[in-house]
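Here the structure comes first, spelled out in structure tokens, and everything after it is commentary.
Quick caveat, the model's predicted, so the values are computed rather than measured.
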Amino acid sequence: PGGGAGGGKGGGSRGMFGLGGARGMFGLPWLRTPGDLAKSAARVKDLAAALESEVALLLAAAPRGESPLQASQRAASATGLMDDFSNELCKVLDASEVVRAAHSDDGWRRSASIARDELSALVHNLNRNTSLARALKSSPKAASRGGREGFL
């Protein structure tokens, strides 16, 4: 086989895992080689570190004279950042899980398993992060669910 995500010569194969070599596996432009899973997992881990810093800044002590509306907007901003991050995390984690479980190539499965394990550990750590938990509990979205919302 051609070794690329499409699996055929010239990258034009449309098998189960290839939607065309130029587009990447599952039509994901970032998923063309097994190494792309590791790169994407590393990118998500970097985003997680940035997320924690941003949320910490948003949830720092309220400025003097902040109104309840402003506090709610701050919490909503933190929640919005977490929602955006969660979308990026899930793209990589879901693709890793499907590749790990169903791909015919050992190299793809091995790379997917490593990425999935790293990102699962990241999710576990994020779910234990008290700053992120406070942001989720104080958000208007969580209030509508009785404050019971985990990261994922």
Side-chain angles (χ1 to χ4, degrees), residues 4-7 11 13-62 66 68-105 107-152:
S13 173
R14 292 194 175 271
M16 180 174 170
F17 290 105
L19 298 177
R23 294 173 74 194
M25 191 178 299
F26 310 119
L28 300 170
W30 55 267
L31 188 53
R32 292 188 178 112
T33 70
D36 291 339
L37 291 163
K39 290 176 195 171
S40 296
R43 182 182 57 83
V44 168
K45 291 189 311 189
D46 289 344
L47 288 172
L51 169 79
E52 290 179 289
S53 297
E54 287 290 321
V55 169
L57 287 173
L58 284 168
L59 299 179
E66 182 177 61
L69 175 62
Q70 290 168 321
S72 177
Q73 289 170 335
R74 232 172 4 103
S77 293
T79 303
L81 288 172
M82 288 186 279
D83 281 345
D84 291 345
F85 169 75
S86 179
N87 290 338
E88 293 302 310
L89 170 67
C90 288
K91 285 177 192 176
V92 179
L93 190 56
D94 291 350
S96 295
E97 181 58 24
V98 171
V99 171
R100 184 197 64 81
H103 205 287
S104 61
D105 182 81
W108 276 97
R109 284 195 314 272
R110 195 171 23 261
S111 293
S113 183
I114 292 167
R116 188 215 42 174
D117 290 348
E118 288 178 5
L119 294 178
S120 293
L122 175 64
V123 168
H124 174 74
N125 289 331
L126 290 171
N127 280 332
R128 295 178 58 212
N129 183 310
T130 56
S131 295
L132 296 177
R134 274 195 305 277
L136 285 169
K137 286 183 180 186
S138 65
S139 75
K141 184 176 177 182
S144 70
R145 295 179 180 169
R148 297 178 317 270
E149 189 164 330
F151 186 71
L152 288 179

**OP:** Would you please test Glu52 and Asn129 for side chain to side chain contact (heavy atoms under 4.5 Å, CB included) and show each step?
**Re:** CA-CA 9 Å; Glu52 290 179 289; Asn129 183 310; 2.6 Å; yes
Original post:
Between CG of Leu126 and CG of Leu119, what distance do you get to the nearest 0.5 Å?
Top reply: 10.0 Å
Original post:
Do the side chain of Asp36 and the main chain of Thr33 share a donor and acceptor less than 3.5 angstrom apart?
Top reply: yes
Give the table of side-chain donor-acceptor pairs shorter than 3.5 Å for residues 93-101, with sequence neighbours excluded, one pair per line with atom names and distance.
from  : atom 1 : to     : atom 2 : distance (Å)
Ser96 : OG     : Val92  : O      : 2.8
Glu97 : OE1    : Arg100 : NE     : 3.3
Glu97 : OE1    : Arg116 : NH1    : 3.4
Glu97 : OE2    : Arg100 : NH2    : 2.6

**OP:** State, yes or no, whether a side-chain contact exists between Arg23 and Arg32 at a heavy-atom distance under 4.5 Å.
**Re:** no
Original post:
Within the side chain of Ser111, is there an N or O that forms a donor-acceptor pair under 3.5 Å with the backbone of Gly107?
Top reply: yes
**OP:** To the nearest 0.5 angstrom, please state how far the OG atom of Ser86 sits from the CG atom of Leu51.
**Re:** 10.0 Å
Original post:
Excluding sequence neighbours, so at least two apart, what forms side chain to side chain donor-acceptor pair (under 3.5 Å) with Glu66?
Top reply: Arg74
Original post:
Under the salt bridge (charged side-chain N to carboxylate O under 4.0 Å, His left out) test, which residues partner Glu118, sequence neighbours left out?
Top reply: Lys45
Original post:
Taking only residues two or more places apart in sequence, or in another chain, which ones meet Arg43 in a salt bridge (charged side-chain N to carboxylate O under 4.0 Å, His left out)?
Top reply: Glu88
Original post:
Which distance, rounded to the nearest 0.5 Å, do you find between the CZ of Phe85 and the CD of Glu54?
Top reply: 13.0 Å
**OP:** Decide yes or no for Met82 and Val55: does some side-chain heavy atom of the first lie under 4.5 Å from some side-chain heavy atom of the second?
**Re:** yes
**OP:** Check whether any side-chain heavy atom of Trp108 lies under 4.5 Å from a side-chain heavy atom of Leu31, and answer yes or no.
**Re:** yes
**OP:** Return the set of residues passing side-chain contact (heavy atoms from CB on, under 4.5 Å) with Asp117 (not counting sequence neighbours), or none when no residue passes.
**Re:** Ser113
**OP:** Output the distance between atom OG (Ser40) and atom CG (Leu47), rounded to the nearest 0.5 Å.
**Re:** 10.5 Å
